[in-house]
Amino acid sequence: RVLEAGSEEEEAEWIAGQIANRKSQSVHHLPSAPSALPSTAVLYRTNAQSRAIEQALIAREIPYRIFGGIRFYERKEIKDAVAAIRYAWNPKDELAAERLEKTFRKSGFSGLQARLAPHANLPPAELIGHFLEATGYFRYLEKNFRNPAERQENIAGLVRFASAFHDAGAFLEQVALLQAHDEPGTNGKLQIANSSVVLSTIHLAKGLEFDRVFVAGVSEGLLPHARALETEGELEEERRLMYVARTRARKELTISVSDIPSRFISELPEEHYVFQSLHSHETRFADSEERYITLD
(Lines give C-alpha, C1' and ligand atoms only; values in the text may rest on other atoms or scores of the structure.)
Protein backbone atom coordinates (compact mmCIF):
# COMPACT_ATOMS: atom_id res chain seq x y z
CA ARG A 1 0.00 0.00 0.00
CA VAL A 2 1.07 3.57 -0.70
CA LEU A 3 -0.59 6.15 1.53
CA GLU A 4 -0.74 9.92 1.05
CA ALA A 5 -1.51 11.94 4.21
CA GLY A 6 -1.92 15.66 4.73
CA SER A 7 0.61 16.15 7.52
CA GLU A 8 3.26 14.39 9.57
CA GLU A 9 0.82 14.07 12.49
CA GLU A 10 -1.96 12.69 10.32
CA GLU A 11 0.43 10.16 8.81
CA ALA A 12 1.56 9.04 12.29
CA GLU A 13 -2.04 8.84 13.56
CA TRP A 14 -3.01 6.68 10.61
CA ILE A 15 -0.09 4.31 11.19
CA ALA A 16 -0.92 4.05 14.90
CA GLY A 17 -4.55 3.40 14.04
CA GLN A 18 -3.63 0.57 11.68
CA ILE A 19 -1.43 -1.01 14.37
CA ALA A 20 -4.17 -0.60 16.99
CA ASN A 21 -6.73 -2.25 14.71
CA ARG A 22 -4.46 -5.23 14.15
CA LYS A 23 -3.80 -5.43 17.89
CA SER A 24 -7.54 -5.55 18.49
CA GLN A 25 -7.89 -8.39 16.00
CA SER A 26 -5.04 -10.27 17.70
CA VAL A 27 -6.73 -9.94 21.09
CA HIS A 28 -9.95 -11.30 19.60
CA HIS A 29 -8.28 -14.34 18.07
CA LEU A 30 -5.70 -14.92 20.82
CA PRO A 31 -7.48 -14.34 24.14
CA SER A 32 -4.78 -16.16 26.08
CA ALA A 33 -2.19 -13.57 24.96
CA PRO A 34 -3.98 -10.20 25.12
CA SER A 35 -0.79 -8.17 24.77
CA ALA A 36 0.43 -9.94 21.65
CA LEU A 37 1.15 -7.88 18.55
CA PRO A 38 2.22 -9.15 15.16
CA SER A 39 5.85 -8.54 14.22
CA THR A 40 5.57 -4.87 13.26
CA ALA A 41 8.09 -2.13 12.52
CA VAL A 42 7.91 1.54 11.59
CA LEU A 43 10.97 2.64 9.64
CA TYR A 44 12.13 6.14 8.77
CA ARG A 45 15.11 7.90 7.21
CA THR A 46 16.03 10.23 10.09
CA ASN A 47 15.76 9.96 13.87
CA ALA A 48 13.79 13.21 14.03
CA GLN A 49 10.87 11.47 12.34
CA SER A 50 10.26 9.30 15.40
CA ARG A 51 8.63 12.20 17.30
CA ALA A 52 5.21 12.16 15.66
CA ILE A 53 5.12 8.36 15.52
CA GLU A 54 6.04 8.00 19.20
CA GLN A 55 3.34 10.48 20.21
CA ALA A 56 0.69 8.67 18.17
CA LEU A 57 1.62 5.30 19.66
CA ILE A 58 1.68 6.68 23.22
CA ALA A 59 -1.75 8.24 22.74
CA ARG A 60 -3.14 4.80 21.90
CA GLU A 61 -1.10 3.03 24.62
CA ILE A 62 0.65 0.90 22.01
CA PRO A 63 3.96 -0.47 23.36
CA TYR A 64 7.01 0.38 21.30
CA ARG A 65 10.77 0.34 21.50
CA ILE A 66 13.37 2.20 19.48
CA PHE A 67 15.94 -0.09 17.97
CA GLY A 68 19.48 1.14 18.48
CA GLY A 69 18.46 4.56 19.79
CA ILE A 70 16.66 6.53 22.46
CA ARG A 71 13.23 8.10 22.56
CA PHE A 72 12.75 11.55 21.15
CA TYR A 73 12.26 13.43 24.41
CA GLU A 74 15.24 11.70 26.00
CA ARG A 75 17.71 13.12 23.45
CA LYS A 76 20.10 15.70 24.87
CA GLU A 77 19.32 18.51 22.45
CA ILE A 78 15.60 18.08 23.05
CA LYS A 79 16.09 18.12 26.82
CA ASP A 80 18.16 21.29 26.53
CA ALA A 81 15.54 23.12 24.46
CA VAL A 82 12.68 21.98 26.69
CA ALA A 83 14.66 23.07 29.78
CA ALA A 84 14.98 26.56 28.27
CA ILE A 85 11.21 26.76 27.79
CA ARG A 86 10.62 25.46 31.31
CA TYR A 87 12.96 28.09 32.74
CA ALA A 88 11.36 30.89 30.71
CA TRP A 89 7.92 29.78 31.89
CA ASN A 90 9.06 29.42 35.51
CA PRO A 91 12.41 30.97 36.54
CA LYS A 92 12.12 29.09 39.86
CA ASP A 93 12.43 25.74 38.07
CA GLU A 94 15.68 24.62 39.69
CA LEU A 95 16.09 21.45 37.63
CA ALA A 96 15.82 23.38 34.35
CA ALA A 97 18.23 26.06 35.60
CA GLU A 98 20.70 23.42 36.77
CA ARG A 99 20.66 21.68 33.40
CA LEU A 100 21.18 24.91 31.46
CA GLU A 101 23.96 26.12 33.73
CA LYS A 102 25.72 22.77 33.51
CA THR A 103 25.51 22.79 29.72
CA PHE A 104 26.49 26.40 29.08
CA ARG A 105 28.34 27.28 32.30
CA LYS A 106 27.52 30.37 34.32
CA SER A 107 28.43 32.95 31.68
CA GLY A 108 26.40 31.26 28.96
CA PHE A 109 23.49 30.72 31.31
CA SER A 110 23.54 34.39 32.35
CA GLY A 111 23.25 35.44 28.71
CA LEU A 112 20.37 33.03 28.21
CA GLN A 113 18.61 34.37 31.30
CA ALA A 114 18.85 37.91 29.96
CA ARG A 115 17.53 36.84 26.57
CA LEU A 116 14.59 34.82 27.87
CA ALA A 117 13.40 37.14 30.61
CA PRO A 118 11.71 39.76 28.33
CA HIS A 119 10.14 37.02 26.19
CA ALA A 120 8.76 34.64 28.79
CA ASN A 121 5.20 34.92 27.44
CA LEU A 122 6.06 34.14 23.82
CA PRO A 123 4.83 30.93 22.15
CA PRO A 124 7.13 27.94 22.72
CA ALA A 125 8.45 27.82 19.15
CA GLU A 126 9.65 31.42 19.46
CA LEU A 127 11.22 30.69 22.83
CA ILE A 128 13.21 27.89 21.19
CA GLY A 129 14.44 30.40 18.62
CA HIS A 130 15.67 32.75 21.36
CA PHE A 131 17.33 29.81 23.11
CA LEU A 132 19.17 28.79 19.92
CA GLU A 133 20.37 32.33 19.23
CA ALA A 134 21.37 33.23 22.78
CA THR A 135 23.46 30.08 23.23
CA GLY A 136 24.76 29.70 19.67
CA TYR A 137 23.39 26.21 20.06
CA PHE A 138 24.05 24.95 16.55
CA ARG A 139 27.70 26.00 16.88
CA TYR A 140 27.76 24.23 20.24
CA LEU A 141 26.51 21.05 18.56
CA GLU A 142 29.08 21.30 15.76
CA LYS A 143 31.90 21.76 18.27
CA ASN A 144 30.93 19.00 20.68
CA PHE A 145 29.23 16.22 18.71
CA ARG A 146 29.95 14.06 15.71
CA ASN A 147 26.37 14.20 14.42
CA PRO A 148 25.37 17.89 14.64
CA ALA A 149 23.17 17.77 11.53
CA GLU A 150 21.09 14.95 12.96
CA ARG A 151 20.68 16.81 16.26
CA GLN A 152 19.66 19.95 14.39
CA GLU A 153 16.99 17.92 12.60
CA ASN A 154 15.69 16.76 15.98
CA ILE A 155 15.37 20.36 17.13
CA ALA A 156 13.58 21.24 13.89
CA GLY A 157 11.13 18.45 14.66
CA LEU A 158 10.55 19.88 18.13
CA VAL A 159 9.94 23.35 16.65
CA ARG A 160 7.34 21.93 14.25
CA PHE A 161 5.50 20.36 17.16
CA ALA A 162 5.84 23.47 19.35
CA SER A 163 4.41 25.62 16.55
CA ALA A 164 1.00 24.09 17.26
CA PHE A 165 0.95 25.76 20.69
CA HIS A 166 0.45 29.43 21.53
CA ASP A 167 1.08 28.91 25.23
CA ALA A 168 4.28 27.49 26.74
CA GLY A 169 2.35 26.02 29.66
CA ALA A 170 0.16 23.86 27.43
CA PHE A 171 3.22 22.75 25.45
CA LEU A 172 5.13 21.78 28.59
CA GLU A 173 2.13 19.88 29.93
CA GLN A 174 1.97 17.81 26.76
CA VAL A 175 5.73 17.18 26.78
CA ALA A 176 5.56 16.09 30.44
CA LEU A 177 2.94 13.48 29.56
CA LEU A 178 5.12 12.15 26.76
CA GLN A 179 8.28 12.14 28.87
CA ALA A 180 6.49 10.16 31.57
CA HIS A 181 6.29 7.22 29.17
CA ASP A 182 10.06 7.35 28.69
CA GLU A 183 10.70 6.47 32.31
CA PRO A 184 10.94 2.75 33.19
CA GLY A 185 8.06 1.56 35.28
CA THR A 186 5.71 4.49 34.69
CA ASN A 187 3.43 2.45 32.45
CA GLY A 188 3.81 -1.29 32.38
CA LYS A 189 1.94 -1.54 29.11
CA LEU A 190 4.84 0.22 27.38
CA GLN A 191 7.55 -2.00 28.81
CA ILE A 192 6.63 -5.37 27.29
CA ALA A 193 9.50 -5.91 24.87
CA ASN A 194 8.05 -8.98 23.15
CA SER A 195 4.86 -7.17 22.16
CA SER A 196 6.46 -3.88 21.23
CA VAL A 197 6.30 -2.24 17.85
CA VAL A 198 9.85 -1.58 16.68
CA LEU A 199 10.79 1.94 15.58
CA SER A 200 14.04 2.22 13.68
CA THR A 201 15.96 4.20 11.13
CA ILE A 202 16.32 2.38 7.83
CA HIS A 203 20.10 2.27 8.30
CA LEU A 204 19.80 0.28 11.53
CA ALA A 205 17.10 -2.02 10.16
CA LYS A 206 19.48 -3.72 7.73
CA GLY A 207 19.39 -7.46 8.34
CA LEU A 208 16.08 -7.37 10.24
CA GLU A 209 12.72 -8.64 9.02
CA PHE A 210 9.14 -8.09 10.21
CA ASP A 211 5.73 -9.34 9.16
CA ARG A 212 4.41 -5.80 8.71
CA VAL A 213 6.47 -2.75 7.87
CA PHE A 214 5.43 0.89 7.66
CA VAL A 215 7.98 3.12 5.93
CA ALA A 216 7.07 6.64 7.02
CA GLY A 217 7.94 10.00 5.50
CA VAL A 218 8.91 8.79 2.02
CA SER A 219 9.10 12.31 0.63
CA GLU A 220 11.58 14.40 -1.30
CA GLY A 221 14.10 15.85 1.12
CA LEU A 222 13.81 12.91 3.50
CA LEU A 223 14.16 9.87 1.23
CA PRO A 224 16.17 10.80 -0.74
CA HIS A 225 17.54 13.08 1.94
CA ALA A 226 18.26 16.68 0.97
CA ARG A 227 21.92 16.22 1.94
CA ALA A 228 22.28 13.37 -0.53
CA LEU A 229 21.31 15.12 -3.77
CA GLU A 230 24.66 16.52 -4.81
CA THR A 231 25.98 13.50 -6.70
CA GLU A 232 24.55 10.50 -8.52
CA GLY A 233 26.45 8.22 -6.12
CA GLU A 234 24.74 9.73 -3.09
CA LEU A 235 21.36 9.50 -4.78
CA GLU A 236 21.98 5.86 -5.64
CA GLU A 237 22.80 5.14 -2.01
CA GLU A 238 19.45 6.66 -1.04
CA ARG A 239 17.77 4.42 -3.60
CA ARG A 240 19.47 1.42 -1.97
CA LEU A 241 18.11 2.55 1.39
CA MET A 242 14.63 2.59 -0.09
CA TYR A 243 15.21 -0.96 -1.30
CA VAL A 244 16.40 -1.99 2.17
CA ALA A 245 13.26 -0.49 3.74
CA ARG A 246 10.93 -2.25 1.31
CA THR A 247 12.57 -5.64 1.73
CA ARG A 248 12.29 -5.64 5.54
CA ALA A 249 8.63 -6.67 5.14
CA ARG A 250 7.78 -10.37 4.98
CA LYS A 251 4.00 -10.05 4.49
CA GLU A 252 2.70 -6.47 4.38
CA LEU A 253 4.36 -3.23 3.34
CA THR A 254 2.96 0.29 3.64
CA ILE A 255 4.85 3.29 2.25
CA SER A 256 3.49 6.62 3.45
CA VAL A 257 4.13 10.25 2.59
CA SER A 258 2.80 13.58 3.88
CA ASP A 259 4.74 15.99 1.67
CA ILE A 260 6.10 15.93 -1.89
CA PRO A 261 6.17 12.21 -2.76
CA SER A 262 9.63 10.75 -3.19
CA ARG A 263 10.84 10.01 -6.71
CA PHE A 264 11.33 6.45 -5.46
CA ILE A 265 7.57 5.99 -5.17
CA SER A 266 7.17 6.75 -8.88
CA GLU A 267 9.66 3.95 -9.57
CA LEU A 268 7.29 1.35 -8.06
CA PRO A 269 5.24 -0.57 -10.64
CA GLU A 270 1.67 0.62 -10.15
CA GLU A 271 0.25 -2.87 -10.64
CA HIS A 272 2.02 -4.01 -7.46
CA TYR A 273 0.52 -1.59 -4.94
CA VAL A 274 -2.76 -0.03 -3.88
CA PHE A 275 -2.82 3.75 -3.51
CA GLN A 276 -4.80 5.40 -0.73
CA SER A 277 -5.23 9.10 0.02
CA LEU A 278 -6.71 10.37 3.26
CA HIS A 279 -8.13 13.40 1.48
CA SER A 280 -9.39 12.23 -1.90
CA HIS A 281 -10.74 9.28 -3.84
CA GLU A 282 -7.82 9.26 -6.24
CA THR A 283 -6.36 5.87 -7.14
CA ARG A 284 -2.90 7.37 -7.65
CA PHE A 285 -1.15 10.66 -6.95
CA ALA A 286 -3.16 13.58 -8.27
CA ASP A 287 -0.71 14.43 -11.04
CA SER A 288 1.61 12.36 -13.15
CA GLU A 289 4.35 14.96 -13.41
CA GLU A 290 7.71 14.40 -11.81
CA ARG A 291 7.69 16.21 -8.47
CA TYR A 292 11.15 16.09 -6.99
CA ILE A 293 13.95 18.32 -5.85
CA THR A 294 16.94 19.00 -8.07
CA LEU A 295 20.06 20.96 -7.32
CA ASP A 296 21.42 22.87 -10.31
Side-chain angles (χ1 to χ4, degrees), residues 1-20 40-60 62 64 66 69-75 77-78 81-82 123-126 128-129 149-166 170-171 174-175 177-179 181-182 197-203 205 213-228 238 241-242 245 253-265 275-280 285-286 291-293:
R1 180 194 285 120
V2 173
L3 174 87
E4 187 171 40
S7 69
E8 186 179 20
E9 272 67 27
E10 185 178 55
E11 178 185 20
E13 286 293 334
W14 186 87
I15 291 173
Q18 293 294 302
I19 294 172
T40 303
V42 183
L43 307 181
Y44 36 80
R45 175 64 176 82
T46 70
N47 277 309
Q49 293 172 259
S50 77
R51 188 223 20 109
I53 298 165
E54 288 184 60
Q55 289 177 197
L57 294 176
I58 288 172
R60 292 177 179 267
I62 297 173
Y64 73 93
I66 295 186
I70 58 176
R71 298 181 184 224
F72 185 81
Y73 288 98
E74 285 299 300
R75 297 166 191 168
E77 59 277 9
I78 300 303
V82 170
E126 293 186 37
I128 294 174
E150 179 181 318
R151 293 175 185 271
Q152 290 174 21
E153 287 179 344
N154 289 337
I155 292 174
L158 181 67
V159 170
R160 286 195 297 273
F161 177 55
S163 297
F165 297 84
H166 298 290
F171 169 78
Q174 182 64 29
V175 169
L177 292 172
L178 296 167
Q179 286 177 323
H181 290 276
D182 290 343
V197 174
V198 172
L199 273 57
S200 174
T201 63
I202 300 171
H203 278 102
V213 169
F214 297 87
V215 187
V218 185
S219 62
E220 286 290 305
L222 284 176
L223 185 62
H225 197 280
R227 294 197 305 268
E238 295 292 297
L241 278 178
M242 180 66 175
L253 171 66
T254 299
I255 296 169
S256 59
V257 58
S258 61
D259 204 335
I260 300 175
S262 168
R263 68 192 74 193
F264 300 148
I265 293 179
F275 175 80
Q276 179 180 351
S277 173
L278 299 184
H279 294 282
S280 74
F285 289 114
R291 297 188 289 170
Y292 53 78
I293 298 170

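None of these values were measured; they are calculated from a predicted model.
- By the 4.0 Å N-to-carboxylate-O rule, Glu153 lies too far from Arg45 to be salt-bridged with it.
- Using a 4.5 Å cut-off on side-chain heavy atoms (C-beta onward), Phe214 and Ile19 make contact.
- Considering only heavy atoms from C-beta on, Arg75 comes within 4.5 Å of Ile70 through its side chain.
- Shortest non-hydrogen contact noted between Leu278 and Ala5 is CD1-CB, 3.9 Å.
- For the atom pair Ile58 CD1 and Gln179 CD, the distance stands at 10.0 Å (nearest 0.5 Å).
- Judged by distance alone, with hydrogens and angles left aside, the side-chain atoms of Glu11 form no donor-acceptor pair with the main-chain N or O of Ala216 at under 3.5 Å.
- Looking at Trp14 and Thr254, their side chains come closer than 4.5 Å, going by heavy atoms from C-beta outward.
- Looking at Ile53 and Leu57, their side chains come closer than 4.5 Å, going by heavy atoms from C-beta outward.
- When every heavy atom of Leu158 is checked against every heavy atom of Ile78, the shortest pair comes out as CB-CD1, 4.0 Å.
- Of all heavy-atom pairs spanning Gln49 and Gly217, the tightest one is NE2-CA, 3.6 Å.
- No side-chain heavy atom of Ile66 sits less than 4.5 Å from a side-chain heavy atom of Asn47.
- Phe171 and Phe161 have tilted rings, their planes meeting at an angle from 30° to 60° on a 0 to 90° scale.
- Under the 4.5 Å side-chain criterion, counting only non-hydrogen atoms from C-beta, Leu241 is in contact with His203.
- The heavy-atom pair separating Phe72 from Gly157 by the smallest distance is CZ-C, 4.4 Å.
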For Glu10 and Ser7, run side-chain hydrogen bond (donor to acceptor under 3.5 Å, both in side chains): C-alpha distance rounded to whole Å, both residues' side-chain angles, the deciding distance at 0.1 Å, then the answer. CA-CA 5 Å; Glu10 185 178 55; Ser7 69; 4.9 Å; no
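- Taking CG of Leu223 as the start and CZ of Arg263 as the end, the distance is 10.0 Å to the nearest 0.5 Å.
- In terms of modelled atom types and a separation under 3.5 Å, the side chain of Glu238 and the main chain of His225 share a donor-acceptor contact.
- Note that the CG atom of Asn154 and the CZ atom of Arg51 stand 11.0 Å from one another [nearest 0.5 Å].
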Evaluate the salt bridge (Lys or Arg N to Asp or Glu O under 4.0 Å) criterion for residues Arg71 and Glu54: first the C-alpha distance (whole Å), next the side-chain angles of each, then the deciding distance (0.1 Å), finally the verdict. CA-CA 8 Å; Arg71 298 181 184 224; Glu54 288 184 60; 5.1 Å; no
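- At a threshold of 4.5 Å between non-hydrogen side-chain atoms, the residues Tyr44 and Val215 do not count as touching.
- The shortest heavy-atom contact between Ala162 and Ile128 is CB-CD1, 4.1 Å.
- In this structure, the side chains of Glu13 and Gln55 stay at 4.5 Å or more apart for every pair of heavy atoms.
- Residues Ala245 and Val213 approach most closely at O-CG1, 4.1 Å, considering heavy atoms.
- Distance alone, capped at 3.5 Å, places no donor-acceptor pair between the Ser163 side chain and the Ala125 backbone.
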